Each structure stands twice: as C-alpha cells, then as structure tokens.
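Down below is the structure, laid out as structure tokens.
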Number of protein chains: 2
Amino acid sequence: MSVSDRKFSAKASAPSTVRPRLASPKARDARPDRGVLNGHLGYFMRRAQVWVFQDFIRTLAPIDIRPAQYSVLVVIGANPGLSQSDISDILGIERARLVRMLDRLDRRGLTLRLPSDRDRRSHALHLTREGQKLLKQAKMLAAQHEARLAELFGPANRQMMIEVLREFETRLAAGQSSR
Amino acid sequence: MSVSDRKFSAKASAPSTVRPRLASPKARDARPDRGVLNGHLGYFMRRAQVWVFQDFIRTLAPIDIRPAQYSVLVVIGANPGLSQSDISDILGIERARLVRMLDRLDRRGLTLRLPSDRDRRSHALHLTREGQKLLKQAKMLAAQHEARLAELFGPANRQMMIEVLREFETRLAAGQSSR
DNA sequence: TATTGTTATACTCTATAACTATA
DNA sequence: TATAGTTATAGAGTATAACAATA
C-alpha cells in the first residue's frame, strides 16, 4: 500500500498510550476514542453539515421551508423562467424528486409552472406574488441562521470555508470526476 | 431587520447587472445564478459532503462498506466492549437505527454482541477476527479516498478544514446548542 | 422511575427504471 | 433517437413512540 494509515491518524486526540486490543470491559469507561475517524474530513463535514441543516430547519420552521425548498425558491426567484431540468442541473436535485417538491410548492401557492413558449415539453418556473413574499421572509430568517454560523465558526473561518468549498466545486465541475 | 441580506450575498459570482425580476423567457439562456445561495455555508457544505460521501462509497464498494458502517467498525475496533448506546452517543446514530445496522454486520460475521458482565440490559460490542481483517482493508481504501481529498482540496486546505470543523464540534458540545 | 435494546411508523433524500409527449 | 416531465420503487438516513427486561 502506498498510502499509510498513519498519514491520516489523529493528531490532536489520539491517545499516546496503546489501548489493549482485546476486549477489556473496563475500556468503555475511558473517554471513547474515535480512532482514525479523527483523520477523515468526510466524518467532520458530515457531522457539521447535519448540525447546520438542523439549525437552518429550526430557524425556518415558522414558515415551513426546508433547505432544499429554500434553494429551489432562491434559484427560481433569481432566474424566472427556468425549466425543471435546469433547476435539477444547477442544484443537483433529481428531476424525479423535483416533481413532488414543485407539486407541493404549487399547492401552497408559492410557485407556478407556466407553459414554455419555446419547448412544449417543459415548464417555465415562476414565483407567485406570494412566493416572492415568502422568499423574502425566508432570506431574512436564513440570514439569522448564517449569522449564527459566523458566530460559531468565527467570521473569518466561515468565509474561508465558503471559498474553499466553492473552489472545490469549481474544480469538480472542470474535472467531471463524478456526478 | 438587524441582519441584512446583503451581508450574505455573493461576492464572486453575483452578476453586476440587475436581471429583470419579471419572467423573461430568455433569462434562462444566461448562465444560471444561484443568488444568495452563494453566501450560504450550508449550501456548499452540503454539496461538498455529498460528493465526498459518494467518493467514499465508490472507493469502499469492493468490500461493501458504507460510511456509517465504517464509522461503527472503527469505533468498536478502537474501543472493544462499548454498548450500543455508547456508539449511538459517540457517533450521533439513533439507537433504533444501530440495531438494524448491527444485525447486518453480525450476519456478515463482522461484529459480535456479547453479554455485558456489568449490565444485563446491554451488549458488549466486539469485532470478530474477520471484522478486524475487513476493517484493516477498509482503512486502506479509506486512506486512498482521503488522499484524493487532499489532492482536490489541497493538503493544507484539507487539514485546515478538519481543524476548523473539529473545533466547531467541540464548541457545540460545550454549548449544548443542539443535539 | 430511568435506561437498554428493540420494533414499528413516517418522512426526507438518493438512485433507478420506465412511460408519455414532445423534440 | 433523445429529452422533459412524470410515476413508481427501493434503500439510506432521520425522528418518534412504545414496549419488555433490567437498573
């Protein structure tokens, strides 16, 4: 193997004393060791992302808008007339899933599927007046959520992570590595 | 409102020309605008995390181990004798979900639920010989995955993100803000 | 009374396949 | 033939509630 485990083992929290590998029941008393997870970016990204989404959901609960719904409303608001396939491409949401989601947003009177005048297969998506009003509220609440993140991460860290992740995304799009 | 939207609006990709707010069908030709999503850390974290997990799943596919299973095997391997509740607490996996997961790992001969000698309600979790062997392979593959991340993010960025996210987690644990 | 493992239910999200109407 | 929207299905993950055995 060319890449050794050590390379990714924990630096900060790995115990310096070797723990007996065989089951000693007392071992469970010690502060639990996450082992090599401490070296996996994906592990920390996942836990943090879950927390961030929970905070977002909690913050937008008064208007009953979830993260995926928010992202769709924002993109339609910024680009009226897009098709469902367009949204799907931009946000990486499955076309099949978008259908149900727009069904619900339509039923709530937030979005409209107008006939496209260029392709009779596709819909031109728009926000209703009410949809625009709700999106405005959503953005205000989302900004509160974002302010909380800035507080928790530190404003500089938050900004830097956004930049690193955006750059990552750009690199992926260029390389077509996956998806 | 004390927190304005502008604070979180895009810097890098926001169009400097104002786009007509009313639906003009031609608008969909322009490169689509993600609007305020460009200012949301959660949006980028989500997209990146999904990609990272997909890469992890692809990389560990030969041994049919998914991220959550990997994390459980790692923690049991590092702390033999833990109970299911312990694992649940450490990894933030619902106790109910762990049951099914361990059922499957048990059936595959990777883990064992031995009776605890201290509490007859709980199980002492262990890896079988085969489980230890598979975990070793899993760690090798996971290290390959991690090397790919280092390449894509840049080694320094990867390390920095791990540290920022770990610090974030620590702050949460201290504050008990959620979860 | 509270906790451990368990079963059950429901909902979100991801991943497919297949159908229809258009292109 | 390929694409847009749709329907359907299956699985992972999350969130609950409730129950039996045990603490």
Side-chain angles (χ1 to χ4, degrees), chain A residues 28 42-43 45-47 49-58 60-61 64-72 81-106 111-125 178-179, chain B residues 25 28 42-43 46-47 49-58 60-61 64-72 81-106 111-125 178-179:
Chain A
R28 83 165 279 276
Y43 170 73
M45 277 186 48
R46 171 66 176 174
R47 305 264 341 219
Q49 183 265 307
V50 166
W51 188 94
V52 168
F53 265 39
Q54 281 177 344
D55 187 75
F56 186 96
I57 292 166
R58 227 180 299 133
L60 289 254
D64 190 25
I65 292 291
R66 296 176 58 84
Q69 295 174 320
Y70 176 74
S71 68
V72 167
L82 287 185
S83 72
Q84 296 181 197
S85 296
D86 291 334
I87 302 283
S88 176
D89 289 343
I90 297 168
L91 294 177
I93 300 174
E94 285 296 324
R95 264 160 43 233
R97 201 170 111 51
L98 248 191
V99 174
R100 300 301 203 89
M101 204 157 134
L102 285 172
D103 285 349
R104 191 183 290 195
L105 294 175
D106 280 8
T111 53
L112 280 177
R113 285 188 258 214
L114 301 182
S116 164
D117 54 350
R118 308 184 320 152
D119 185 336
R120 279 159 54 203
R121 292 172 303 180
S122 67
H123 299 150
L125 302 176
S178 172
R179 244 210 170 243
Chain B
R28 82 166 280 276
Y43 169 74
R46 171 66 176 173
R47 305 257 351 213
Q49 183 266 308
V50 166
W51 190 92
V52 168
F53 264 39
Q54 281 177 345
D55 187 75
F56 186 95
I57 292 166
R58 226 179 300 132
L60 288 258
D64 190 25
I65 292 292
R66 295 177 60 84
Q69 296 174 320
Y70 176 74
S71 68
V72 167
L82 288 185
S83 73
Q84 297 181 196
S85 296
D86 292 333
I87 302 283
S88 176
D89 290 343
I90 298 168
L91 294 176
I93 300 173
E94 284 297 324
R95 266 164 37 237
R97 201 169 110 50
L98 249 192
V99 175
R100 300 302 202 89
M101 206 156 129
L102 286 172
D103 284 349
R104 191 183 288 197
L105 294 175
D106 280 6
T111 54
L112 280 177
R113 286 190 257 213
L114 301 182
S116 165
D117 54 350
R118 309 184 318 151
D119 186 336
R120 278 159 55 204
R121 291 172 303 180
S122 66
H123 299 150
L125 301 177
S178 173
R179 259 236 140 221

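Naming convention: chains lettered A, B, ... in sequence-line order (proteins, then strands); numbering from 1 in each chain. As the structure is a prediction and not an experimental result, all values here were calculated from the model.
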Is the phosphate of C/dT14, meaning OP1 or OP2, less than 4.0 Å from a side-chain N or O of B/Arg46?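 Result: yes.
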
Any side-chain N or O of A/Ser85 less than 4.0 Å from the OP1 or OP2 oxygen of D/dA4?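 Yes.
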
Test of understanding: with side chain to side chain contact (heavy atoms under 4.5 Å, CB included), list the residues that count as partners of [X], not counting sequence neighbours.
X        : result
B/Arg121 : B/Asp119
B/Arg97  : B/Ala68, B/Ile93, B/Glu94, B/Met101
B/Asp103 : B/Val99, B/Arg100, B/Arg107, B/Arg113

Could you go through nucleotides 19-23 of chain C and list every protein N or O atom that sits under 3.5 Å from one of its N or O atoms, giving the distance for each pair?
{"unit_1": "C/dA23", "atom_1": "OP1", "unit_2": "A/Arg120", "atom_2": "N", "d": "2.9"}

Taking the side chain of A/Ser122 as its heavy atoms from C-beta onward, which of D/dG13, D/dA4, D/dA15 lies nearest to it?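 Nearest listed nucleotide: D/dA4.
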
Selected nucleotide, minimal atom distance to A/Gln84 side chain, candidates C/dG5, D/dT6, D/dG13: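 When the side chain of A/Gln84 is considered, D/dT6 is the closest of C/dG5, D/dT6, D/dG13.
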
Rounded interatomic separation in angstrom, taking [atom1] from [X] and [atom2] from [N]:
X        : N      : atom1 : atom2 : answer
A/Asp64  : C/dC11 : CG    : P     : 13 Å
A/Ile65  : C/dT12 : CD1   : P     : 13 Å
A/Gln54  : C/dC13 : CD    : C1'   : 15 Å
A/Arg58  : D/dA15 : CZ    : P     : 10 Å
B/Leu125 : C/dT4  : CG    : C1'   : 12 Å
A/Phe53  : D/dG13 : CZ    : P     : 16 Å
B/Asp117 : C/dT4  : CG    : P     : 16 Å
B/Met101 : D/dT14 : CE    : C1'   : 14 Å

Side chains of B/Val52 and B/Asp55: does their closest heavy-atom pair fall under 4.5 Å?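 Sidechains of B/Asp55 and B/Val52: no contact.
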
Quick one, A/Leu125 and A/Asp86 - any side-chain contact, counting heavy atoms below 4.5 Å?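 They are not in contact (no side-chain heavy atoms under 4.5 Å apart), so the answer is no.
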
All side chain to side chain donor-acceptor pair (under 3.5 Å) counterparts of A/Thr111, not counting sequence neighbours: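 In terms of side chain to side chain donor-acceptor pair (under 3.5 Å), with neighbours along the sequence ignored, A/Thr111 is linked to A/Asp106.
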
With B/Tyr70, which residues qualify under ring-ring contact (aromatic ring centres under 6.0 Å, His included), at least two apart?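 Checked B/Tyr70 against ring-ring contact (aromatic ring centres under 6.0 Å, His included); matches are A/His40, B/Phe56.
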
Nearest heavy atoms of A/Ser83 and A/Ser122, plus distance in Å: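 Closest heavy-atom pair between A/Ser83 and A/Ser122: CB-CB, 4.2 Å.
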
Please confirm whether the backbone N or O of A/Leu91 pairs with a side-chain atom of B/Arg47, one donor and one acceptor, at under 3.5 Å?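 Pair found, side chain donor or acceptor close to backbone of A/Leu91.
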
Please write out the pairs of protein N or O atoms and N or O atoms of nucleotides 7-12 of chain D separated by less than 3.5 Å, giving the distance to one decimal.
{"unit_1": "D/dA12", "atom_1": "OP1", "unit_2": "B/Arg104", "atom_2": "NH1", "d": "3.3"}
{"unit_1": "D/dA12", "atom_1": "O3'", "unit_2": "B/Arg66", "atom_2": "NH2", "d": "3.4"}

